[in-house]
Amino acid sequence: MDLGALNGLFAIPGHLHFEAGQGGLTKAVVDNPLATCELYFHGAHVTAYHPKGFEETLWLSDAAIFTEDKAIRGGIPLCWPWFGPHPSDAALPQHGFARNSFWTLFGTSVNGRGETVLRLGLQDSDATRSLFSREFMLEYVVTVGSTLTLELTTTNRGSEPFEITEALHSYFRVTSIEETVIEGFADKTYRDKTDGGSQKCQIGAVVVTEETDRVYDDADPSCCLRCADRMIEIAKFGSAHTVVWNPWQEKAAAMGDFDDDGYRHMVCIEAANTGEGGIILNPDASHTLTQRILPFL
Ligand code: BG6
């Protein structure tokens, strides 16, 4: 659908319109009385969320590449139907294909709280079945207000059960990683992917001072990101794991789409169901993974 038709059908004055974004990819631009937000149809990828009276909450790499065959570095990529490397075929794309797929806009609306709601979908096609042989419907609802709510619902539309792993892989912007702490993980166990996956126990708050790649497996439904000048609560539902990731200097420099200094200004806090707790869906069954971002004004 071209931009004229999209705007004709789905734009909402005072809330939302559509325009060509970076790389010519189509994006939705929300600007309502509560917040601004941008979402690319490529990957159903939220790249910015800025509640009014607050700062931008999400980190987007200055070197991010906007093309149809690559995930955007930063914002909120969707990892689905597997998280990390494919469990049995290393040739398949890391973190699945949802973040590289073009999503369809199902609808837009304004809810009773004056928030803007976008509803997008992705269903199986020849392209997806070549990577994941299942019949599915994915629905993604993004609600933009003084909080940002992301709800990813998977439905099994086939006749056999299947298993997925997944993540809402949110990159949060921090003024300086040296002055950032993440609270809510004290005494929780985690798998340290920078140390061969060994099990460890979190002592106190999470402070990122080196490459960090952790899967917390009994994480509370909410944690708190505190930086020098802001505080954000990050809540989740339908998620067995929380992933905390920062590639640190060397790995960031090795990534072509990660600006070299970017690791000092971001941390990922991801609502996930990883390999240790994949979701098994029977025919017609659904599962929803939710993350809610609540900035403290
Ligand atoms: C995190 C993983 O979720 O994503 C890391 O735990 C991974 O292991 C990171 O390196 C980034 O992945 P990608 O594919 O976007 O570079």
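Start at 1 and go down the list; that is how both ligands and their atoms are numbered. Being a predicted model, the structure only gives us computed values, none of them experimental.
Side-chain contact between E166 and W80 is present, with heavy atoms from C-beta onward closer than 4.5 Å.
In summary, the aromatic rings of H95 and F83 are positioned with their centroids under 6.0 Å apart. Not less than 6.0 angstrom separates the ring centroid of Y263 from the ring centroid of W59.
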Just list the side-chain donor-acceptor pairs under 3.5 Å for residues 1-10, sequence neighbours left out, or say none.
from: D2; atom 1: OD1; to: G4; atom 2: N; distance (Å): 3.2
from: D2; atom 1: OD1; to: A5; atom 2: N; distance (Å): 2.8
from: N7; atom 1: OD1; to: F18; atom 2: N; distance (Å): 2.8
from: N7; atom 1: ND2; to: L3; atom 2: O; distance (Å): 3.2
from: N7; atom 1: ND2; to: F18; atom 2: O; distance (Å): 3.0

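Residues L25, Y40, F66, I72 make up the rest of the hydrophobic cluster containing L60, defined by ILVMFWY side-chain heavy atoms closer than 4.5 Å, directly or through other members.
With sequence neighbours excluded, the residues forming a side chain to side chain donor-acceptor pair (under 3.5 Å) with D229 are T175, listed by chain and number.
Within 4.0 Å of ligand 1, the residues that place a heavy atom are R73, F83, Q94, H95, R99, H169, K193, D213, V243, W245, E270, listed by chain and number.
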